Amino acid sequence: MSSSTTVRTARRRTLRVAAAALTAAAALTLTACSGSDAGGTKSAGHAGTGAAAAGGAGAAAGAQGSDAKAGSDAKAEAKSSADAGAKAGVAVKQSGGSHAGTAKASSPVRTERLVDGSKAEIYDLGSQHYRAKIISRGSVVATLETTDQEVDAGLDANDMFVVLTMGGEVHSWMGGGHRGPGTFKLAGGWTAKVTKVGELRYRAQIIGHEGSVDATLETKQHDVGLDANGVYIVLSAGGVISAHG
């Protein structure tokens, strides 16, 4: 069972969140070829005439030029191999960083005990995006997750109420629920006006000390929650509202 929240904040309440994105690492394989030096053979002939001596000198010069070209090509290939190796090293380093981020998201940042004895594993998904898995007797019985719509998350779990805030905090309490429709006094001096707007859809206007509507909770076939300045409120899909401060 999963839970998320839709909250429209009025006047004094402002919530902020940024979406987060997970990145996957790509493997890179580079194959570098190494070159080898090519050698030439110099030969000198005995000069019988002046023309023959000149021909021998020309052949020796040609051989030296071939040696120089082979040496230059070998150096170029060696430099290409070194550059390829350096690029491969950078790719491996970047890949390792991405894997580390994925591992963080798959492991809970902490575990908290809830009021009924179950526990909540809290996962940091990045940019004020959190998930809480409610675990009882070794099994996941519910999941709460804050969303990119600037809202907290809430749950009514058989009269145990749980709120997961945008900051990754978990608060739980037992009882204290009021079944709507109706107007009810809540903890912290808040008043909730609960109305039914459809099948498994209820709306709660959270009214402050001065009579203004400071926040609105609305279920859409799932429970919702709110951190109202340190007072935690849950409205269930069945119209039950409870608060704890």
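Bear in mind that the values here come from a model prediction, so they are computed numbers and not experimental data.
- Under the 3.5 Å distance criterion, the side-chain polar atoms of Asp223 are matched with a main-chain donor or acceptor of Asp156.
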- request: Using the side chain to side chain contact (heavy atoms under 4.5 Å, CB included) rule, take Leu144 and Ile134 through it: C-alpha gap first, then chi angles, then the decisive distance, then the call.
  value: CA-CA 8 Å; Leu144 294 86; Ile134 310 302; 3.8 Å; yes
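- Between Tyr202 and Thr195, the closest side-chain pair of non-hydrogen atoms is not below 4.5 Å.
- Both Val162 and Met174 are members of a single hydrophobic cluster when ILVMFWY side chains are connected at heavy-atom separations under 4.5 Å.
- Side-chain atoms of Ser172 come within 3.5 Å of backbone N or O of Val115 as a donor-acceptor pair.
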- prompt: Are Leu125 and Arg131 close enough, and set up right, to give a side chain to side chain contact (heavy atoms under 4.5 Å, CB included), and what steps lead you there?
  reply: CA-CA 7 Å; Leu125 306 183; Arg131 178 183 297 136; 3.6 Å; yes
message: Assess the residue pair Glu145 and His129 against the criterion (side chain to side chain contact (heavy atoms under 4.5 Å, CB included)); give the C-alpha distance rounded to whole Å, side-chain angles, the decisive distance to 0.1 Å, and a yes or no.
response: CA-CA 8 Å; Glu145 186 170 329; His129 187 184; 2.8 Å; yes
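- The heavy-atom pair separating His209 from Gly189 by the smallest distance is CE1-CA, 3.7 Å.
- Of the charged side-chain nitrogens involved, at least one lies within less than 4.0 Å of a carboxylate oxygen, so that Arg201 and Glu218 count as a salt-bridged pair.
- To the nearest 0.5 angstrom, Leu217 atom CG is 11.5 Å from Ser236 atom OG.
- Side chain of Thr165 to main chain of Gly167: a donor-acceptor pair is present (N/O by atom type, distance under 3.5 Å, no hydrogens or angles).
- In this structure, Arg179 contributes its side chain and Gly238 its backbone to a donor-acceptor pair below 3.5 Å.
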- prompt: Does the pair Tyr123 and Thr143 meet the rule for a side chain to side chain contact (heavy atoms under 4.5 Å, CB included), with working shown?
  reply: CA-CA 11 Å; Tyr123 297 79; Thr143 300; over 6 Å; no
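- Across all their heavy atoms, Ala187 and Ala243 have their closest contact at N-CB, 4.1 Å.
- Checking side-chain atoms of Thr146 against main-chain N and O of Tyr130 turns up a donor-acceptor pair under 3.5 Å.
- Between the CG atom in Leu114 and the CE atom in Met160 there is a gap of 5.0 Å [rounded to 0.5 Å].
- Side-chain contact between Val234 and Leu155: absent, with no pair of heavy atoms (C-beta onward) separated by less than 4.5 Å.
- Under the 3.5 Å distance criterion, the side-chain polar atoms of Thr219 are left unmatched by any main-chain donor or acceptor of Leu235.
- When atom types are taken as modelled, the side chain of Asp214 and the backbone of Ile206 share no donor-acceptor pair closer than 3.5 angstrom.
- Follow the hydrophobic side-chain contacts under 4.5 Å out from Leu164 and you never reach Ile135; the two are in separate clusters.
- Note that CG of Asn229 is 5.5 Å distant from CH2 of Trp190, once rounded to the nearest 0.5 Å.
- Remark: Lys193 NZ to Ile241 CD1 distance equals 13.5 Å, nearest 0.5 Å.
- Side-chain atoms of Asp227 do not come within 3.5 Å of backbone N or O of Tyr232 as any donor-acceptor pair.
- Under the 4.5 Å side-chain heavy-atom criterion for Ile, Leu, Val, Met, Phe, Trp and Tyr, Val109 and Val170 are members of the same hydrophobic cluster.
- To the nearest 0.5 angstrom, His171 atom NE2 is 13.0 Å from Ile233 atom CD1.
- To the nearest 0.5 Å, atoms CD1 (Ile122) and NZ (Lys133) are separated by 12.5 Å.
- Connection of Val163 to Leu186 is not established within any shared hydrophobic cluster, with ILVMFWY side chains joined at heavy-atom distances below 4.5 Å, either directly or through further cluster members.
- The heavy-atom pair separating Gly175 from Ser242 by the smallest distance is O-OG, 3.0 Å.
- Looking only at side-chain heavy atoms (C-beta outward), Val240 and His178 stay at 4.5 Å or farther from each other.
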